[in-house]
Amino acid sequence: MSGYRLTTVETVREEGSWAFTAREGDADREVFLVPCADEPDGGTAEDGSDAGQPVRAWINRCTHEDQRLYREGVGAVTRDGSVVCPKHGSAFDTCEGSCDNGEAAGTTLRAIDIEVRDGAVFLTDDDLAYLSEGLPDDDGDDDAGPSSSSHLTF
Ligand code: FES
């Protein structure tokens with residue numbers, strides 16, 4: 001078994017969400033974990049996909065505009081099993097990443113591969129290498145607007 005040990009399912013549930021930064025090629029990626037409300041106890045998904053995965057990992061960027069869904073000090077805001085975008089309010093299913101409402105309707109968040117083993121969450125995505133917990137310190141201004149010189153690329 002391989003993969004970088006990120007945190008525990010208990011921590012994600014207690015905090016509501018949990019973020020880390022990873023490297024993909026030449027770019028840094030922000031990723032956040034959220035509990036999957038449909039599978040609180042790690043049951044089997046109806047379609048057999050991601051069976052028993054009580055948390056999910058998503059790239060920390062709204063599909064509509066360059067907006068973080070998880071913010072430092074706030075976390076990811078969830079409501080009724082969805083992550084709510086702080087900018088225009090589109091809601092993404094925490095288990096599927098899909099959105100059927102608002103500006104981001106018809107889109108899906110990019111999923112990152114993780115595995116849960118013995119209550120711990122491991123990063124198993126071949127494309128990403130773990131860098132650090134939380135979001136990058138040097139790019140914490142969500143209000144920089146469209147002229148932001150963010151070094152992040154998506
Ligand atoms: S930026 Fe997220 S819905 Fe517009």
Side-chain angles (χ1 to χ4, degrees), residues 4 6-40 45-47 49-51 53-116 121-154:
Y4 186 90
L6 297 166
T7 183
T8 64
V9 172
E10 189 179 356
T11 298
V12 178
R13 284 182 179 153
E14 280 180 4
E15 298 185 9
S17 54
W18 192 91
F20 66 96
T21 304
R23 195 79 177 161
E24 181 177 37
D26 294 331
D28 288 353
R29 302 288 186 217
E30 297 175 13
V31 183
F32 68 100
L33 309 178
V34 284
C36 174
D38 288 352
E39 297 164 35
E46 274 181 31
D47 64 0
S49 65
D50 292 313
Q53 208 79 297
V55 299
R56 295 287 196 272
W58 307 108
I59 286 286
N60 187 27
R61 183 188 187 282
C62 184
T63 54
H64 177 224
E65 290 178 2
D66 186 4
Q67 169 65 46
R68 283 172 165 152
L69 299 173
Y70 178 105
R71 290 170 294 162
E72 211 70 84
V74 180
V77 175
T78 54
R79 189 176 59 213
D80 299 331
S82 295
V83 179
V84 181
C85 175
K87 197 163 186 179
H88 302 119
S90 283
F92 297 84
D93 188 282
T94 54
C95 300
E96 308 296 332
S98 54
C99 176
D100 62 2
N101 56 85
E103 301 282 0
T107 65
T108 303
L109 298 175
R110 180 182 161 195
I112 298 302
D113 293 338
I114 55 169
E115 276 183 30
V116 174
V121 185
F122 293 83
L123 174 64
T124 57
D125 200 301
D126 290 339
D127 296 331
L128 298 187
Y130 178 86
L131 284 179
S132 58
E133 182 176 343
L135 306 184
D137 293 337
D138 60 345
D139 191 33
D141 186 359
D142 274 323
D143 299 317
S147 64
S148 169
S149 59
S150 169
H151 67 282
L152 295 176
T153 54
F154 295 93

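In each ligand, atom 1 is the first atom listed, and ligand 1 is the first ligand listed.
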Task: Residue pair F20 / L6, side-chain heavy-atom distance below 4.5 Å - done: yes
Open item on the list: Return the CG to OG distance between L109 and S98, rounded to the nearest 0.5 Å.
Closed with: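 L109 CG to S98 OG: 8.5 Å, rounded to 0.5 Å.
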Open item on the list: Working to the nearest 0.5 angstrom, can you tell me the gap between Y4 OH and Y130 OH?
Closed with: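 Going from the OH atom of Y4 to the OH atom of Y130 covers 4.5 Å.
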Residues 81-89 side chain polar contacts: donor-acceptor under 3.5 Å, at least two apart:
residue: K87; atom: NZ; partner: E65; partner atom: OE1; Å: 2.9
residue: H88; atom: ND1; partner: H64; partner atom: ND1; Å: 3.1

Open item on the list: Please check this pair: side chain of E30 against backbone of P136, looking for a donor-acceptor N/O pair closer than 3.5 Å.
Closed with: no
- [ ] Heavy atoms only: give me the nearest T94-W58 pair and the separation to one decimal.
- [x]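 Between these two residues, the closest heavy atoms are O-NE1, 3.1 Å.
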Task: Proximal protein heteroatoms (N, O or S) of atom 4 (Fe) of ligand 1, under 2.8 Å - done: H64 ND1, H88 ND1
